[in-house]
**Q** 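First, the structure itself, so that you have it in front of you.
In what follows, every chain begins at residue 1, and chains take the letters A, B, ... in the order their sequences are listed.
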Amino acid sequence: MKIILEKRIEHSRVMALLSPLLAIAITVVIGGIIFASLGLDPAEALYVYFVEPVTTLWSIEELIVKAAPLVLIGAGLAICYSANVWNIGAEGQLTIGALFGSAIPVYFTTWQSPLTLVVMLVLGGFGGALFAAIPAALKNRFGANEILTSLMLVYVAQLLLDWLVRGPWRDPQGYNFPQSVPFEGWQQLPLLGEGRVHIGAIFAVMAVIVLAIMMGRSLRGFEIRVVGNSPRAGAFAGFHQKRVVWFTFMLSGALAGLAGICEVAGPSGELQPSISPGYGFTAIIVAFLGRLNPIGVLFAGFLLAISYLGGEAAQVELGISDKTAQVFQGMLLFFILACDTMILYRIKIASGRSASAKA
Amino acid sequence: MGAFEAVILTIITASTPLLLAAIGELVTERAGVLNLGVEGMMIMGAVCGFAAAYTTGSPIFGVGAGLLGGVGMSLLFAFLTQTLMTSQVATGLALTLLGLGLSGLIGEAFTGLPGVKLGPIDIPFLIDLPFVGSILFGQDILVYFSFALVAIVTYMLFRTRTGLIINAVGGNHHSAHALGYDVVKVRYACIAFGGACSGLAGAYLSLVYTPQWIENMSSGRGWIALALVAFSSWLPRRVLVGAYLFGTVWIMGLYVQALGVAIPAQLLSSLPYLVTITALIMMSGDKTLTKVNTPACIGQPFAPER
């Protein structure tokens, strides 16, 4: 038996839409098999995992809280990856953004003004962009691989956060717990309604709309796509690859930083040694599942948020590890990539004999 | 044993996983494939190694299981990138994310359990030599193997027909194909070799370096190994030097901390990552060497029909 790929003359638009759905379906089927092998009723487990999170108002709100950072970061990464620029250090940019924004509550504890929160958010985005500028600069100036440098910086950022909350930024009244001072009411994001949803969700939607317009309608979006698809063609058009590297890195860094400060000024309300359950890495999957398209990212963010919530629910109700969520996320990315092959190729399975006869 | 010997011994244990993983990735990249999933393969090697050693009580079984865990992961990568022709960068990232998740799930049952340590194999008589005895001749099998591997891979790549084929496939896959070599098959084999080495590196972490299972215990070593390959401009002997350089930096932090120097522990812990970035910058100073040795087809998919 042999798998033969036949190149399509044109990209299959149908497959481009069908592939993520197919990938989700395969992930669910394999998930069911895993649950069955753990001795659980697969139907019940899958229900707890993927359906229950969207059945109650409480869980839908929680879903929005989790989806907001994923969409914010994922939308920025989608732009990066369309330009063939590989920022995989969003988790670090998120951390630094959170640190920059938190400088206000830590150092200017009593500054109470309508501007306080605005300054915090701007600082958050600025911090993320600044941190993302490091791998961009190293790539443009020295040709250093941005995948490796941006990833290494994640560890550096997390250690910096760890040092700050255990050292200089530790709450003096915090009984020696590694955490910053709790943010005051005016230093926290306003809530939408009664629940836990805060205005970070609106930022996410706004980012999606702005980026979708930029990619679809502006010269900058065109430049990014051309340079991503064919740097040579981009050069003939007068587009500078270096400029695209700068722009995409700092844009995605700023969004990750914004997500970071929204996370600490929203659900957490203080800095802790760990401020994100890996949003920066999960957002990579969100970007791919969303077809590197900002609108697609919006849907993908919700799906991945379901996997986080489902993981928590499964831990409580079924007594299985919440680490299954990470496995689902990893599998999903694998299957998306595999299914995407069908956009460019027709897959034919031939028996070994006929394949050699054809050759 | 003196303090100096103790330092050298810890440097060896810190360097060996880097060396093993980097040599494997070097062969993979020589064949023109960039596998960014080293971290994922390594962590799967660590968890499989620990699980097998704990269940059977035999560290050697652990080493074998670690190897198989790495190979299993690498074959997933090979199937996607070689058969389905997916993007190597994206698939490598997926492999790392999947490996980190899967290892956490498998390892949960083993968290906090006492590990089984892979003991040293003392070479009789030679171990009694002053100073160098315990350093050179009192190591475990994986340390000896890592040095042998550098020699074997160097010989294989530059002195044998197999090496020529691998370099041809990585240098120009269309020519290699025209000459009648099965590019995809060669790449499958090299990816699996890389997976085996990463798996061994992982097993070394959970059987020797810290003989227990800790989630995410590879802590970026897979990525550092990737940087090492580029840093050493795809030459095995330079990988050896680089791995020990990085291992030394890793350990130095711990010793400076133990000496009670007033530097934040977190700054010292971030040294290996900062040094990796510095190394990647320094590399750009050596353009000719990099250009000569970079496999020309690295990261490019190959479709035999065209």
**Q** Applying a criterion of heavy atom separation less than 4.5 Å, what residues of residues 35-43 of chain B form contacts with chain A?
**A** B:Leu36, B:Glu39
**Q** Please identify, among A:Met152, A:Gln329, A:Arg141, the residue contributing the most non-hydrogen atom pairs under 4.5 Å to chain B.
**A**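 Heavy-atom pairs under 4.5 Å are most numerous for A:Met152.
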**Q** Relative to chain B, which segment of A:Leu337 carries a heavy atom at a distance below 4.5 Å: side chain, backbone, both, or neither?
**A**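 For A:Leu337, the contact with chain B is made by backbone and side chain together.
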**Q** Shorter than 4.5 Å, heavy atoms on both sides: which option in A:Gly143, A:Pro135, A:Ala144, A:Ser321 has the most such pairs with chain B?
**A** A:Ser321
**Q** Quick one: which of B:Ser87, B:Ser270, B:Ala94 has the most heavy-atom pairs under 4.5 Å with chain A, could you say?
**A**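 The residue among B:Ser87, B:Ser270, B:Ala94 with the greatest pair count is B:Ala94.
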**Q** Pick from A:Lys323, A:Gln326, A:Met342: which one has the most heavy-atom pairs with chain B under 4.5 Å?
**A** A:Lys323
**Q** Where do A:Leu5 and B:Met85 come nearest, in terms of heavy atoms and distance?
**A** CD1-CE, 3.3 Å
**Q** Tell me, with the steps shown, if A:Leu153 and B:Ile277 meet side-chain contact (heavy atoms from CB on, under 4.5 Å).
**A** CA-CA 9 Å; A:Leu153 287 169; B:Ile277 295 172; 3.6 Å; yes
**Q** Given that the side chain runs from C-beta out, which part of A:Ile320 has a heavy atom under 4.5 Å from chain B: side chain, backbone, both or neither?
**A** neither
**Q** If you check every heavy atom in residues 226-235 of chain B against those of chain A, which residues fall under 4.5 Å?
**A**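 Against chain A, the residues of residues 226-235 of chain B that fall inside the cut-off (heavy atoms, under 4.5 Å) are B:Leu226, B:Ala227.
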**Q** Does B:Gly220 offer a backbone N or O that forms a donor-acceptor pair with the side chain of A:Tyr155 under 3.5 Å?
**A**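 Between the backbone of B:Gly220 and the side chain of A:Tyr155 there is a qualifying donor-acceptor contact (under 3.5 Å).
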**Q** Looking at every heavy atom in both B:Leu84 and A:Ala338, which two are closest together, and how far apart are they?
**A** CD1-CB, 3.7 Å
**Q** Is any side-chain heavy atom of A:Leu138 less than 4.5 Å from a side-chain heavy atom of B:Leu280?
**A**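 In short, these two side chains do not touch, never coming nearer than 4.5 Å.
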**Q** Given heavy-atom pairs under 4.5 angstrom as the criterion, report whether the side chain, backbone, both or neither of B:Thr91 touches chain A.
**A**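 Interface part for B:Thr91: both.
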**Q** Per the salt bridge (Lys or Arg N to Asp or Glu O under 4.0 Å) rule, what does the pair list look like for residues 41-51 of chain B, sequence neighbours excluded?
**A**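 Every pair satisfying salt bridge (Lys or Arg N to Asp or Glu O under 4.0 Å) with a residue in residues 41-51 of chain B: there are none.
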**Q** Rounded to the nearest 0.5 Å, what separation is found between the CD1 atom of A:Ile336 and the OG1 atom of B:Thr86?
**A** 12.0 Å
**Q** Quick one: of B:Leu95, B:Ile224, B:Thr81, who has the most non-hydrogen atom pairs under 4.5 Å with chain A?
**A** B:Leu95
**Q** Would you call B:Leu98 and A:Leu333 a side-chain contact if the rule is heavy atoms closer than 4.5 Å?
**A**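 Side chain of B:Leu98 against side chain of A:Leu333, heavy atoms only: no contact under 4.5 Å found.
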**Q** Check whether any side-chain heavy atom of A:Phe281 sits under 4.5 Å from a side-chain heavy atom of B:Leu97, and report yes or no.
**A**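 Of all side-chain heavy-atom pairs linking B:Leu97 with A:Phe281, at least one is under 4.5 Å.
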**Q** Please classify the contact between B:Leu271 and chain A as side chain, backbone, both or neither, with a heavy-atom cut-off of under 4.5 Å.
**A**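 Neither the backbone nor the side chain of B:Leu271 comes within 4.5 Å of chain A.
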**Q** Which residues from residues 156-170 of chain A are near chain B, with near meaning under 4.5 Å between non-hydrogen atoms?
**A** A:Val156, A:Leu159, A:Asp162, A:Trp163, A:Arg166
**Q** Below 4.5 Å from any heavy atom of chain B, which atoms of A:Ile147 appear? Answer side chain, backbone, both or neither.
**A** side chain
**Q** At a 4.5 Å cut-off on heavy atoms, which part of A:Phe328 comes close to chain B: side chain, backbone, both, or neither?
**A** neither
**Q** Find the one option among A:Ile284, A:Asn145, A:Ile88 whose heavy-atom pairs under 4.5 Å with chain B are most numerous.
**A** A:Ile88
**Q** Under 4.5 Å from any heavy atom of chain A, what part of B:Leu80 do you find: side chain, backbone, both or neither?
**A** side chain
